[in-house]
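Side chains included, hydrogens not; waters and symmetry mates left out as well; all remaining heavy atoms used. Numbers restart at 1 for each chain; the letters A, B, ... are given by sequence-line order, proteins then strands.
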Protein chains: 2
Amino acid sequence: MTTLSNAHGRLPRRATMSDVARLAGVSIKTVSRVVNAEPGVHAETAERVLAAIERLGFRRNIGALNLRRGSSTGTIGLVLEDVANPFYSGITRAAEEVARRHGRQVLTGSSDEDPDRERELSLEFCARRVDGLIVIPAGTRHGYLVPEIASGTPVVFVDRPPGDVIADTVLVDNVTGAAAAVTHLAAHGHSRIAFLGDAPTIFTATERLAGFREGCARAGIPFDQRMVAMGPHTAETVAAALDRTDATAVITGNNRITVQTLRVLAGSARKPALVGFDDFELADLLDPPVSVVSLDPAELGKAAAELLFARLDGDREPPRRIVLPVRLTPRGSGEVRP
Amino acid sequence: MTTLSNAHGRLPRRATMSDVARLAGVSIKTVSRVVNAEPGVHAETAERVLAAIERLGFRRNIGALNLRRGSSTGTIGLVLEDVANPFYSGITRAAEEVARRHGRQVLTGSSDEDPDRERELSLEFCARRVDGLIVIPAGTRHGYLVPEIASGTPVVFVDRPPGDVIADTVLVDNVTGAAAAVTHLAAHGHSRIAFLGDAPTIFTATERLAGFREGCARAGIPFDQRMVAMGPHTAETVAAALDRTDATAVITGNNRITVQTLRVLAGSARKPALVGFDDFELADLLDPPVSVVSLDPAELGKAAAELLFARLDGDREPPRRIVLPVRLTPRGSGEVRP
DNA sequence: TGCGCATTGGACAACGTTGTCATGGTGCCA
DNA sequence: TGGCACCATGACAACGTTGTCCAATGCGCA
């Protein structure tokens with residue numbers, strides 16, 4: 001049992017090849033050869049070097065290696081809104097997985113929907129010379145990335161498209177999904193359907209609203225602005241929106257809003273039909289089980305990362321826009337009769 | 001609208017200070033001065049340099065900077081089990097937050113409970129010269145980190161203690177928590193209580209089992225090995241365990257098992273009382289609402305990161321072991337009568 | 001005119017590593 | 001014994017940056 005601490009004080013300096021070389025009585029280059037398992041080192045010498053490495057706890061400095069080799073840093077950057085949100089952590093995990101297969105590690109950062117923070121994170125990642133960048137945009141202006149991409153750092157945008165530039169983007173089919181939700185509810189007899197969406201500054205929010213309108217039109221339901229409440233949402237705004245309408249059904253614009261709404265409804269006598277955008281754990285165990293329009297976030301993350309690595313592998317086609325289909329999963333909450 | 005791509009082919013090289021200097025007609029050092037806002041550069045010269053920087057899309061290479069300065073790389077590493085699990089992504093977010101306050105960025109990696117992967121990730125982070133490491137151990141042997149810590153990379157273990165070394169650790173009070181769950185159930189008249197825990201190789205699993213035994217003893221319930229099923233768990237193993245016992249109440253050992261159990265129970269006529277370890281979103285909206293023993297993962301992440309940064313700020317005290325209290329949150333599922 | 005001084009710019013080394021090339025020693029064969 | 005190939009090892013430069021130091025220029029002032 002070893003005690004891991006520096007209670008003795010004085011911050012030590014990490015051993016370098018130079019230290020190892022001195023201890024082993026060889027040149028730096030020989031140490032390098034041993035570390036890289038290059039041939040041409042006498043077995044006995046290698047032995048001595050390895051002993052010195054062990055003794056000093058030497059570990060090769062990857063930063064210096066990257067500088068010297070001028071090659072990949074073996075990292076990619078991932079800028080998202082909030083890792084603690086299961087939607088984004090699902091994306092993170094999938095991206096991490098793909099990165100691992102390609103021998104890369106992942107730098108993550110949460111922007112909290114703050115465009116400045118998104119920019120700051122992205123640019124700092126670039127300054128660290130990540131091999132590529134996956135960005136879930138918080139802002140609507142991404143010109144700041146032009147020089148980065150021009151300099152060879154591929155960028156893939158996920159879930160929302162970039163503003164004022166054209167670049168690789170992976171989206172989900174928000175419009176079709178929201179329209180499908182309306183169609184589903186209409187098929188169950190609903191005609192007074194409320195839509196609780198996120199802030200209109202957020203791409204997915206307006207897309208889903210557009211899908212809602214489209215669905216209403218197709219179902220012959222006149223669009224009524226009073227049935228729409230865009231976020232950001234708190235329990236109060238959700239409650240107020242529901243009180244304001246006589247809706248028999250509600251479509252919620254993302255997983256956070258769905259949860260807010262479920263909480264509000266739990267404390268209310270009203271039981272409108274409900275279809276949420278984004279799936280969430282236990283949705284099937286609620287009473288009634290919550291119907292959702294969803295896509296596995298892992299698919300988004302995977303698609304984005306694979307697109308990124310295709311670029312890193314030399315894909316020079318014009319920017320792609322991938323739109324992943326969503327799936328309506330009826331579970332009960334959308335079938336409640338008016 | 002700019003198209004961000006390299007459709008023209010040929011991977012470009014990033015501009016360096018040397019390129020900027022050539023374009024601006026000055027020496028490299030002058031560029032450095034401008035970039036670092038050092039005094040002693042004629043305004044007009046600085047202007048030229050800035051123009052060149054802009055034109056070339058130059059961004060200072062942080063790797064080279066760190067090498068030269070020999071200082072901090074401005075990163076910390078976080079090795080966890082699975083970012084997609086809300087418990088760990090909560091820790092991640094909190095650690096990220098603290099890191100941000102200290103001007104650091106976070107490298108994350110999921111070990112998937114694989115000790116080799118944990119080791120690989122940790123050592124690679126060290127090779128990248130992270131300023132510190134936060135590890136949620138998958139394995140039980142951590143001697144491999146001794147040289148790293150001796151070389152000045154502080155390491156903090158979270159949620160589970162390290163094996164065969166003594167180091168900074170942040171845990172939760174698993175024993176007390178599990179015992180409290182038993183006490184709670186006993187107070188509601190239960191004496192046949194099952195415990196579904198994770199694999200006994202996992203520290204928290206055995207601790208919680210110990211707490212379970214302690215709680216039984218205190219409540220005067222004879223401990224019965226047949227009431228215990230340790231994981232890993234699937235829907236089948238959970239169902240089998242429940243079928244095998246005549247338990248009127250169940251304690252589940254972590255958030256995954258709780259969810260598995262809820263699913264199994266949803267398809268069953270039995271409605272045992274239930275107390276889960278770890279809170280989870282919507283636990284309060286299930287029917288009945290699920291009682292839990294829990295701690296906000298953010299508190300764990302925050303405590304760990306703060307301990308790490310205390311070390312980085314020069315704290316040389318002997319290794320600390322912080323045990324955070326857990327809280328029993330009765331919500332209904334634990335009150336079901338036998 | 002000569003001197004000191006402030007201002008501005010540049011040469012050079014170094015961070016830790018590896019690629020290129022050179023060197024010294026050994027063994028083999030004619 | 002001379003020539004040669006080969007093995008093991010090392011010297012040096014370079015990656016991109018900054019810290020240290022020195023040089024050149026221009027100014028004020030005696």
Open item on the list: Does the protein touch nucleotides 4-12 of chain C at the base, only the backbone, or not at all? Give it as B, S and - per nucleotide, heavy atoms under 4.0 Å.
Closed with: ----SBBB-
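- Partners of Glu120(B) under the side-chain hydrogen bond (donor to acceptor under 3.5 Å, both in side chains) rule, at least two apart in sequence or in another chain, are Arg117(B).
- To the nearest angstrom, P of dG16(C) lies 17 Å from CZ of Arg59(A).
- Proximity of Arg69(A) to the phosphate of dG19(C): a side-chain N or O atom is located under 4.0 Å from OP1 or OP2.
- Listed pair Asn36(B) / dT18(D) meets the phosphate criterion, a side-chain N or O lying under 4.0 Å from OP1 or OP2.
- Applying the salt bridge (charged side-chain N to carboxylate O under 4.0 Å, His left out) definition to pairs two or more places apart or across chains, those involving residues 153-162 of chain B are Glu113(B)-Arg160(B).
- Atoms CZ and OG, on Arg60(A) and Ser32(A) in that order, are 8.0 Å from each other to the nearest 0.5 Å.
- Rounded to 10 degrees, the angle between the two end axes of the helix from dT1(C)-dA30(D) to dA30(C)-dT1(D) is 70°, with five pairs used at each end.
- Taking Thr73(B) as the reference, Asn66(B), Thr75(B), Arg129(B), Asp131(B) meet the side chain to side chain contact (heavy atoms under 4.5 Å, CB included) condition, with sequence neighbours excluded.
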Please tabulate, one pair per line, all N/O donor-acceptor pairs under 3.5 Å involving side-chain atoms of residues 45-52 of chain B, not counting sequence neighbours.
| residue | atom | partner | partner atom | Å |
| --- | --- | --- | --- | --- |
| Arg48(B) | NE | Ala24(B) | O | 2.9 |
| Arg48(B) | NH2 | Ala24(B) | O | 3.2 |

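- Rounding to the nearest 0.5 Å gives a distance of 12.0 Å between CZ of Phe157(B) and CG of Leu307(B).
- Atom CZ in Arg129(A) sits roughly 9 Å away from atom P in dG16(D) (whole-Å rounding).
- Residue Glu38(A) contributes atom CD, which lies 13 Å from atom C1' of dG10(D) at whole-angstrom precision.
- Rounded to whole angstrom, the span from the CG atom of Leu67(B) across to the C1' atom of dT18(C) amounts to 13 Å.
- Of the candidates Asn85(A), Asp82(A), Thr108(A), Asp82(A) is the only one forming a side-chain hydrogen bond (donor to acceptor under 3.5 Å, both in side chains) with Arg93(B).
- Considering Arg320(B), Arg316(B), Arg321(B), Arg311(B) in turn, Arg311(B) is the only one that fulfils the salt bridge (Lys or Arg N to Asp or Glu O under 4.0 Å) rule with Asp168(B).
- In this structure, CD of Glu47(A) is placed 18 Å from C1' of dT9(D), rounded to the nearest angstrom.
- Taking a cutoff of 4.0 Å between a charged side-chain nitrogen and a carboxylate oxygen, Arg119(B) and Asp116(B) do not qualify as a salt bridge.
- Contact between the side-chain N/O atoms of Arg14(A) and the OP1/OP2 oxygens of dG16(C) is not found at any separation under 4.0 Å.
- Separating the CE atom of Met17(B) from the P atom of dA14(C) is a distance of 20 Å, rounded to the nearest angstrom.
- We find that CZ of Arg128(A) is positioned 14 Å from P of dT17(D), with the value rounded to whole Å.
- One interatomic measurement links the two molecules: CZ of Arg68(B) to P of dT17(D), which rounds to 13 Å at whole-angstrom precision.
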